[in-house]
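Positions are given from 1, in the same order as the sequence printed here. Just so you know, these numbers use all the heavy atoms, side chains as well, and skip hydrogens, waters and symmetry mates.
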Amino acid sequence: MKLSELLKNIKPTAVVGDSEIEVTGVEIDSRKVTQGSLFVAMKGTQVDGHRFIPKAIEQGAAAVLCEELPDETGDVTFVQVPSTEDAVGPVATLFFGDPSRKLKLVGVTGTNGKTTIATLLYNMFRKMGHKCGLLSTVCNFIEDEAVPASHTTPDAIELNRLLARMVDAGCDYAFMECSSHAIAQKRIGGLQFAGGLFTNLTRDHLDYHKTFENYRDAKKAFFDMLPKTAFAITNLDDKNGLFMVQNTRATVKTYSTRAMADFRARILECHFEGMYLEVDGREVGVQFIGKFNVSNLLAVYGAAVMLGKQPEDILVTLSTLHSVSGRLEPLYSPEGFTAIVDYAHTPDALENVLNAIHEVLNGKGSVITVCGAGGNRDKGKRPLMAQEAVRQSDRVIITSDNPRFEEPQAIIDDMLAGLDQKQMKKVLSIVDRREAIRTACMLAQKGDVVLVAGKGHEDYQEIQGVKHHFDDKEVLRDIFAK
């Protein structure tokens, strides 16, 4: 594709060189540049891509999209723009053939529930006979083909590359998580969405956004960019639900478990194996537990309705779906207690999971919670996590999560700092996560629940920049076997 074609949706401040050259690829990683590529120099939060322009040219870049022109440009064409962050999405969209307009793309944003909702929509529409793609925290999928995910939402180039592969594979739909980082960094710029869903908003990622208002506004920006042809489905049970859609051009629909809304549901019965629900006046059995999962299922139901599916068909398919890996996933011990593995890594998510467990237990068993907090992330939520765990558990074991480049004991100390002397009587701290889980299982009696929170689907622990294999479910199964 000619460079001039790639530039038609942006407004360069300067073009130095030949804009009619052929471009064979678009990359933001200089290591991936090949002969004829357009290299986009991004000013990231950690590294400035302008430093790697010489490396990209050495690798064969034919053109460079940048914010700052070098003193000498040589034989390479340089395109200057005010913001490469703003420009990369529209450029990548054009290069890969505008894939988001060739299928129905639905985005899910919010603090919790994104993975569950996007994955359930992907599984539902496949069961209904459609070819689908999925972009999620756990894994990306192009139909049956798994493509490992390194971020909740890939960068703009990788995102369009994956969507183009979905189009080539004949996909009718794609469902994706839209993280606050991705929205703020314009990774979804240039994409055409058929619909968007808002789950909820609680404290998270303040290490990046700095304030809750910045975090909230990043989520809202997703709905602000939706076109008139799209739908926007929002959660009325969250105080930010209506705020998210107040400036959208999309058709707004609401869901709620408590108030009058376009899509409503309530729990009729609840067990660890699942729930019986009433959804818009129809009864259905589902293989999920917890009020927050009722909200997730309502969002899925609403999206399917807005995508043209019949309510009866949606509910029949919902009844066959299973929970996402590492989301309230039960494992049953030979001793008669239940272990629950969940990704909960915010105070709100932990509250939701513990509420769901108590809804089923109904006072007939004890809850032992194993949890930690990630290193090099928002420190303010650490004491709040400990407080929530203690509030709703009979015993709590504070342990390591992904310490990254922090000392595990320092993270644990931050969590314990939120507890008073009375609360500390419920608490043990064990740095080694495997030993913490084993101790929790030793404390559990028949009928009790051991919640192992924080890592969910993850099969690693990140320590000093190295990912070591660690899977909570594997650890539990090994303990059960012994």
Side-chain angles (χ1 to χ4, degrees), residues 111-112 202-207 212 290 292 328 333 335 337-456 461 463 472 475-476 479:
T111 304
N112 302 310
T202 57
R203 181 187 179 120
D204 202 11
H205 301 306
L206 297 197
D207 52 300
F212 182 82
F292 70 96
L328 256 176
S333 77
E335 288 78 16
F337 67 85
T338 302
I340 301 283
V341 174
D342 193 85
Y343 189 51
H345 59 282
T346 66
D348 180 70
L350 194 57
E351 178 185 14
N352 285 338
V353 171
L354 286 165
N355 280 341
I357 290 169
H358 283 293
E359 285 164 21
V360 177
L361 281 179
N362 200 23
K364 295 177 182 175
S366 296
V367 177
I368 303 161
T369 296
V370 179
C371 67
N376 302 108
R377 297 293 188 269
D378 177 16
K379 291 187 177 183
K381 72 179 181 182
R382 293 173 184 175
L384 303 178
M385 292 280 291
Q387 290 166 9
E388 190 55 50
V390 168
R391 187 175 72 84
Q392 292 208 71
S393 307
D394 297 281
R395 296 296 300 271
V396 175
I397 303 176
I398 306 292
T399 188
S400 297
D401 192 302
N402 287 322
R404 297 184 178 90
F405 290 97
E406 288 193 66
E407 285 300 318
Q409 187 61 55
I411 299 171
I412 290 171
D413 290 343
D414 283 345
M415 296 184 74
L416 296 178
L419 305 177
D420 60 29
Q421 285 188 332
K422 183 179 178 181
Q423 290 170 320
M424 283 294 295
K425 291 179 180 178
K426 284 188 179 183
V427 178
L428 295 172
S429 65
I430 301 173
V431 172
D432 184 281
R433 190 174 179 90
R434 186 182 302 272
E435 184 61 23
I437 296 171
R438 190 182 72 84
T439 301
C441 291
M442 289 176 63
L443 292 172
Q445 304 293 316
K446 184 177 180 180
D448 289 349
V449 172
V450 172
L451 170 62
V452 183
K455 294 181 60 59
Q461 262 195 305
I463 304 169
D472 287 346
V475 171
L476 283 164
I479 291 168

Heavy-atom pair of closest approach, residues E351 and R391: OE2-NH2, 3.7 Å
Within-4.5 Å side-chain heavy-atom neighbours: M415 and C371: yes
Under 3.5 Å donor-acceptor, R395 side chain and V370 backbone: no
For P408 against V431, the heavy-atom pair lying closest together: CB-CG1, 3.8 Å
R438 CZ to L476 CG distance, which is reported to the nearest 0.5 Å: 13.0 Å
Heavy-atom donor-acceptor pair, T399 side chain to I430 backbone, under 3.5 Å: yes
Considering all heavy atoms, the nearest G418-P383 contact: CA-CB, 3.6 Å
Test item: side-chain donor near acceptor, N112 and N352, under 3.5 Å: no
Beyond-backbone contact of T346 with K381, side-chain heavy atoms, under 4.5 angstrom: yes
Any L419 side-chain heavy atom under 4.5 Å of K426 side chain: no
Full working for side-chain contact (heavy atoms from CB on, under 4.5 Å) between L451 and S393: CA-CA 9 Å; L451 170 62; S393 307; over 6 Å; no
Rounded distance [0.5 Å steps], CD1 in I463 versus CD in E407: 10.5 Å
Under 3.5 Å: donor-acceptor pair, side chain of D432, backbone of R434: yes
Euclidean distance, S400 OG relative to K455 NZ, rounded to 0.5 Å: 10.0 Å
Closest heavy-atom pair and its distance - S366, L361: O-CD1, 4.2 Å
Expected output: side-chain H345 to main-chain G374 donor-acceptor under 3.5 Å: no
Donor-acceptor pair between Q409 and D413 side chains, under 3.5 angstrom: yes
Stepwise side-chain contact (heavy atoms from CB on, under 4.5 Å) test for R433 and V452: CA-CA 10 Å; R433 190 174 179 90; V452 183; 3.8 Å; yes
Backbone N/O of I368 and side chain of D394: donor-acceptor pair under 3.5 Å: no
T202 OG1 to L384 CG distance, which is reported to the nearest 0.5 Å: 10.5 Å
Distance-minimising heavy-atom pair for M385 and L350: O-CD2, 3.5 Å
Backbone of F337 reached by a side-chain donor or acceptor of D448 within 3.5 Å: no
Heavy-atom closest pair, residues E388 and L354: O-CD1, 3.9 Å
Pair R382-I411, side-chain contact (heavy atoms from CB on, under 4.5 Å): steps then yes or no: CA-CA 8 Å; R382 293 173 184 175; I411 299 171; 3.9 Å; yes
Flag, side chain of Q423 to backbone of D420, donor-acceptor distance under 3.5 Å: yes
Any side-chain heavy-atom pair of T111 and D348 under 4.5 Å: no
